[in-house]
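Take a look at the structure below.
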There are 2 protein chains.
Amino acid sequence: MPELIAEDDLAAVSTLRASVMRLARRLRHQQVEHSLSSAEIQVLGRLERAGHATPTELARAEDVQPPSMTRIIAMLEDKGLVRREPHPQDRRQVVVTATEPAAQILAESRRMRDAWLAGLIEEVTEEEWAAVRAAVPVLERIASCAPRARR
Amino acid sequence: MPELIAEDDLAAVSTLRASVMRLARRLRHQQVEHSLSSAEIQVLGRLERAGHATPTELARAEDVQPPSMTRIIAMLEDKGLVRREPHPQDRRQVVVTATEPAAQILAESRRMRDAWLAGLIEEVTEEEWAAVRAAVPVLERIASCAPRARR
DNA sequence: TATTGTTATACTCTATAACTATA
DNA sequence: TATAGTTATAGAGTATAACAATA
């Protein structure tokens, strides 16, 4: 990106922000998986990808405060979806791991929300969908990159 | 979009969903400034575009229940950002209008979150940004289109 | 003394149910 | 009888502050 952002780049950023906010709100509503909150599913997904993590790592990764993560983990543990184990070296820390039922629930939850989003996407043309597809990997990078990182 | 969705279309949908959710969460955090909630800013923005609207119209447009919209409007009225006036024909209805200070606050709020998002986007290449730009109008349509509408 | 995690507490946002007033 | 809006109340989710255990 250029250092100086053009006028209609700004407009695109603004529209992107508004659309992302709105889509996310509707996706959150779509999460008919009654027993699991959005944050719980995010954490479960992260644990599935990473294998295991400590509460502090999870809190940083999910942009929530440690006490909030404690609560999320407690909920997941109550539902039998994660295990909390002592860290082998550092006894202050806790290692959180997803259990096998978690994988099934995660897959089902993703399937439902993907289906909802796919339903929306059916309304666009082939070319429009091609444009979105091309942008998806970039959006993924933007969504997961650190905001403080300056060149 | 084709009726039958291919395997990697599904993967793209899934990644899109996850990225949108994550970006939105981080954008929400970015808006700590004005003591205006995400929903309040959304409503204000909609009023600015539409000129005026009734609480029920706003509730439907923002996917919240009427009592929630009552509260959002009350907050905005307390802050002097909207006016509530009786509907000229139907005395059951209320017409909500944004005041002049709202425009300034709205512009400032957008500027801050746009700047944050633009900061993230500075990290991508020209080609990547071009891909996102091409997708923005489509995402906007997807975000605002009715999910029930079947062809 | 710093760090990891937790508990206690309060706040924000939203929803459901019940009510008022118009139509 | 139906609709627009509100009030009352409850629930989910998160944050800050204070604390315990360990490094």
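None of the values given here were measured: they were computed from a predicted structure. Keep in mind that the numbers below use all heavy atoms, side chains included, and drop hydrogens, waters and symmetry copies.
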>> As a check on the pairing definition, encode DNA chain C in dot-bracket form, counting Watson-Crick and G-U wobble pairs whose two distances are under 3.5 Å, and using | for partners outside this strand.
In response: |||||||||||||||||||||||
Where do N or O atoms of nucleotides 21-23 of chain C meet protein N or O atoms at under 3.5 Å, pair by pair?
from	atom 1	to	atom 2	distance (Å)
C/dA23	OP1	B/R91	N	2.9

>> Tell me whether B/H52 at atom NE2 has more than 12 heavy atoms from other residues, nucleotides or ligands lying less than 6.0 Å away.
In response: no
> Which value, rounded to the nearest 0.5 Å, describes the distance between A/I105 atom CD1 and A/L81 atom CG?
Replying inline: 4.5 Å
>> How many whole angstroms separate atom CD of B/Q42 from atom P of C/dT14?
In response: 11 Å
> What does B/A39 touch in the nucleic acid at a heavy-atom separation under 4.0 angstrom: a base, only the sugar-phosphate, or nothing?
Replying inline: sugar-phosphate
> Residues two or more places apart in sequence or in another chain: which of them pass side chain to side chain donor-acceptor pair (under 3.5 Å) with B/R83?
Replying inline: B/E85
> Distance check: side-chain N/O of B/S37 vs OP1/OP2 of C/dC13, anything under 4.0 Å?
Replying inline: yes
>> Can you list, in residue-number order, the parts of residues 51-60 of chain B that come under 4.0 Å of DNA chain D, counting heavy atoms only?
In response: B/T54, B/P55, B/T56
>> Using whole Å, what does the distance between atom C1' of nucleotide D/dA15 and atom CG of A/D63 come to?
In response: 14 Å
> Taking atom CG of A/L47 and atom CG of A/L58, what is their separation to the nearest 0.5 Å?
Replying inline: 5.0 Å
> Tell me, which of residues 65-72 of chain B have any heavy atom that sits under 4.0 Å from an atom in DNA chain C?
Replying inline: B/Q65, B/P67, B/S68, B/R71, B/I72
>> Can you list everything that forms a side chain to side chain donor-acceptor pair (under 3.5 Å) with A/T15? Sequence neighbours excluded, please.
In response: none
> Mind checking what makes salt bridge (charged side-chain N to carboxylate O under 4.0 Å, His left out) contact with A/E40, not counting sequence neighbours?
Replying inline: A/K79
>> Once rounded to the nearest 0.5 Å, what's the spacing between atom CG of B/L16 and atom CG of B/L139?
In response: 6.5 Å
> Rounded to whole angstroms, how far apart are CD on A/Q93 and P on D/dA20?
Replying inline: 21 Å
> Which residue pairs satisfy the side-chain hydrogen bond (donor to acceptor under 3.5 Å, both in side chains) criterion with at least one member in residues 92-103 of chain A, sequence neighbours excluded?
Replying inline: A/D90-A/R92, A/D90-A/Q93
>> Show me the pairs that pass salt bridge (Lys or Arg N to Asp or Glu O under 4.0 Å) and involve residues 10-20 of chain B, at least two apart or across chains.
In response: A/D114-B/R17
> Looking at residues at least two apart in the chain, or sitting in another chain, which of them share a side chain to side chain donor-acceptor pair (under 3.5 Å) with A/S68?
Replying inline: none
> Taking only residues two or more places apart in sequence or in another chain, which ones pass side-chain contact (heavy atoms from CB on, under 4.5 Å) with A/V138?
Replying inline: A/I142, B/V124, B/E128, B/V132
> Whole Å only: how far is the CG atom of A/L76 from the P atom of D/dG13?
Replying inline: 11 Å
> In chain order, what residues pass the side chain to side chain donor-acceptor pair (under 3.5 Å) check against A/E57, with sequence neighbours excluded?
Replying inline: none
>> Nearest 0.5 angstrom please: A/R46 CZ to A/R49 CZ, how far?
In response: 5.5 Å
> Starting at CG of B/L36 and ending at C1' of C/dC13, how long is that distance when rounded to a whole Å?
Replying inline: 14 Å
